[in-house]
Amino acid sequence: MRLDWRTACTLYRAELRMALRDRRTLFFSIVLPLLVMPVMLFASHLMRQKRTAELAAMTHSLAIVGPEAETARGWILSAAARAEQGATCFEIKEATETGAKAALARDDLSLFVVAEASDVQKTEHSSNAGTDITAARAVRLTVVYRGDRDTSQNAARTLHRRLIGMRQDVRARLLQERKFPLDARAVGRVIEVDVAAEGQVTGLALGRVLTLFLLLFVFMGGAVVATDSLAGEKERGTLETLLATAARRSEIIAAKSLLTITSAVAITAIQAINFLLYVVIEIIPIPGNLAAAVTPATAAWLFVLYLPLIVLVSIVLLATSGWARSYKEAQLYFMPVMLIGLAPALAPLLPGIRLRSAVVLVPVANIAVAVKEILVGAPDWPLIGAAWLVTAAAAAVLARFATNMMRTERLIVTTHVSREEIVGGPELFPRRVLRAFAIMWVLAFVVSSHVAESVRLQISWNIGVVFIGGSLFLIRLYRLDLRTALALRPVRAPVWLGIMLAVPGGLLTTIGLFRVMNVFLPAPKGWMEAFNQQLLMADAPLWQALILLTIVPGVGEEIAFRGVLLHGLRKRLHPAALALVVGVAFGFFHATLPRLVPTAFLGVIFAAVTLLTGSIFPAMAWHALNNGLSVAAESAAFPMEALEWTFHLLGVVLLALAFWIFWRCRTPYPELRPWRNRAQRS
């Protein structure tokens, strides 16, 4: 795409001047959030403080029922006497157990206490060697309350806390009366010491919500500018005038993209200052010292870290505006787009989520987790860099997709419907295949994370339901020819000789690649042992493990990736890019960070052999034999990860020889996109 940046910058300055003169845009993108957010937060803060004070000074009514009601009454009165002046008070009312339940349901009582007796053994030591055991009575108190009412819940917590304190005092007094040599309160005393720095505590609280608030502000403010920039001009008819000028369409799109990104950065800066102001005046309660958590250097790192995220959101908003046929339709799209965009930002709120996991591959979520780790003072810089690159790559890919989409006639024709959407079937499938595989990834990831301990369930769901079932569903939905979509074609005999060389060569090369990557991204301690134990399926005989881990994945995964996915993208990407995309998707579906690069490499070479032979059968055989050799080596306790590097170099040689055979006997995959330069587009 040829782009005259001088023209694009001229258009950008003109767009920026018009946006600044538009009072509606300024009000809804900047002024309104600055006014609404403080009012909402301040009002909720005041209401929360007022309600807390009311609950602390409230008088709660309770009833005492049960056989030991009189004993419990004395204890509760003693516990109530422990309260400080102005604290929660308790008023005791008379009621039966049935009446107390009814009164609690009507909210006439805050709670009631059931006092029951239980038999215990009390041992008293006499002055001589004998022991006298007598029966004693102990009272058990059951506090019954309504957890759906804050008054009842507060009363139960307060009473329970005071009864515990009263019980400790009684125990200490009884022990002193019996000449216990120590103060009972000093026995088994527990002291908590928090070794985290003040800034780390504040950083944890701030890091959990900072990205969420930032995205909320960017979506709210940026949507106004993006929606008016394309959908608004399309509806007003001014976009046709702009397109009639000497500027190319690509330059117009670039100018509007820069405008949206500029507005998003400005909104981010303004709302970030606004948010910090809320924290300083304690409208948003944050523990500790904010200055200790957010130093100038930290703020600079966060700004750099957020840049690709801001660009990504801006492009999404502009693409949504360009896709919409009218301003009203763009507003209709805004809410689901915002909800989908905000969902990954909730990752820091989930327990146990760390950047050194598959989350580093998920745009938005990886930045949100990286921000939290920076603020708590435990940054994993290699993974933070990887997260930045992943999000930046996602923004670049989306920008290219959005640019191509907005260069079509849909940009200016509000009723435009593509030919593929009208015809449907096989012609629509290439445009929908990535969307379908994204849904399949979500289904595989969500279910597998809940059955991670059961290899059988994972295989049954991922391969049986998601890969095979999903692939057959897509073939039927888009009316694809089964043999063509799955590349069920015969191959030349020498290809099988190449497969026999490729299996050991590919395995040795992949293990060597894993060892190299482990230097830069070391796997968690014990991960390899746990993975190998899971691979062996100790609760199953070897023949069953071989079937489940070799034949089933070799057939099911190839049907999905080297079958349906490769067939859907064959006309959209050049062969090298096609093999790379299919391989990366294959690695991404395995959702384990240490295995990502080696698995993606296997996916690339499986796709390459499919493209060279025009058939899925070599990839199926290679995949199954590769898994079988891995299982057999692990079962025999053969140290594949401790081999000399000479063996890995030998694997590279065998792999190269195998692909030389594939190339000499090639029968290329039909209907591939030819190797040619794109025609220059305006």
Side-chain angles (χ1 to χ4, degrees), residues 1-3 250 253 315 389-390 392-408 418-420 426-438 441 471 474 478 480-481 484-487 489 491 495 498 502 506 557-589 596-597 599-616 618-619 622 655-656 658-682:
M1 177 180 66
R2 211 175 78 187
L3 182 64
S250 56
I253 295 170
I315 293 170
L389 291 175
V390 167
V397 170
L398 187 61
R400 184 178 180 87
F401 170 78
T403 302
N404 291 335
M405 182 267 292
M406 290 187 290
R407 286 164 62 187
T408 63
S418 65
R419 177 180 177 275
E420 291 83 359
E427 296 194 27
L428 182 61
F429 178 64
R431 300 183 57 179
R432 300 289 175 84
V433 63
L434 289 177
R435 182 191 309 177
F437 269 75
W441 181 86
S471 299
L474 291 175
Y478 292 100
L480 305 177
D481 179 70
T484 303
L486 300 184
R489 306 180 185 93
V491 296
V495 169
E557 292 181 353
E558 294 308 310
I559 285 175
F561 293 98
R562 265 62 64 177
V564 173
L565 181 60
L566 189 145
H567 176 76
L569 299 176
R570 71 194 188 284
K571 294 182 179 179
R572 299 184 62 181
L573 300 171
H574 293 306
L578 177 59
L580 183 63
V581 169
V582 172
V584 170
F586 180 66
F588 195 65
F589 263 78
L596 174 63
V597 174
T599 308
F601 173 74
L602 281 175
V604 171
I605 57 180
F606 291 164
V609 73
T610 304
L611 294 176
L612 288 173
T613 62
S615 172
I616 199 174
W622 188 354
L655 193 61
F659 269 93
W660 179 79
I661 295 174
F662 299 150
W663 178 260
R664 293 299 301 266
C665 303
R666 65 186 179 275
T667 308
Y669 198 99
E671 299 184 301
L672 284 178
R673 182 171 177 171
W675 289 93
R676 66 172 186 273
N677 295 327
R678 286 188 174 183
Q680 298 292 336
R681 299 180 184 180
S682 63

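If you read the sequence from its start, that first residue is 1, and numbering goes on from there.
Atom CZ of Arg664 has 12 or fewer heavy atoms from other residues, nucleotides or ligands within 6.0 Å.
Taking every heavy atom of both residues into account, Val495 and Phe662 meet most closely at O-CE2, 3.5 Å. Nearest heavy-atom pair, Phe659 versus Val609, reported as atom, atom and distance to 0.1 Å: CE2-N, 4.1 Å. When every heavy atom of Thr599 is checked against every heavy atom of Gly587, the shortest pair comes out as CG2-CA, 4.0 Å. When every heavy atom of Ser471 is checked against every heavy atom of Val564, the shortest pair comes out as CB-CG2, 3.6 Å. Across all non-hydrogen atoms, the minimal contact from Ile661 to Gly498 is CD1-CA, 4.1 Å. Nearest heavy-atom pair, Gly614 versus Ala487, reported as atom, atom and distance to 0.1 Å: O-CB, 4.0 Å.
Looking only at distances, a side-chain donor or acceptor of Arg570 sits under 3.5 Å from a matching main-chain atom of His567. For Trp622 (side chain) and Gly506 (main-chain N/O), no donor-acceptor pair under 3.5 Å exists by modelled atom type. In terms of modelled atom types and a separation under 3.5 Å, the side chain of Arg562 and the main chain of Thr610 share no donor-acceptor contact.
Taking 4.5 Å as the limit, some side-chain heavy atom of Leu565 sits within range of a side-chain heavy atom of Leu569. Counting heavy atoms from C-beta on, the side chains of Leu578 and Arg572 never come closer than 4.5 Å. Counting heavy atoms from C-beta on, the side chains of Leu596 and Val584 never come closer than 4.5 Å.
For Phe561 and Phe589, the gap between ring centers is short of 6.0 Å.
For the atom pair CD1 of Ile616 and CZ of Arg489, the computed distance is 10.0 Å after rounding to the nearest 0.5 Å. Distance CZ/Phe606 to CZ/Phe586: 6.0 Å, rounded to 0.5 Å.
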- Task: For the pair Tyr669 and Leu566, evaluate side chain to side chain contact (heavy atoms under 4.5 Å, CB included) and give the outcome as yes or no after the intermediate values.
- Result: CA-CA 10 Å; Tyr669 198 99; Leu566 189 145; 3.4 Å; yes
- Determine, step by step, whether Ile559 and Leu486 satisfy the side chain to side chain contact (heavy atoms under 4.5 Å, CB included) criterion, reporting the C-alpha distance in whole Å, the side-chain angles of both residues, the deciding distance to 0.1 Å, and the verdict. CA-CA 6 Å; Ile559 285 175; Leu486 300 184; 3.8 Å; yes
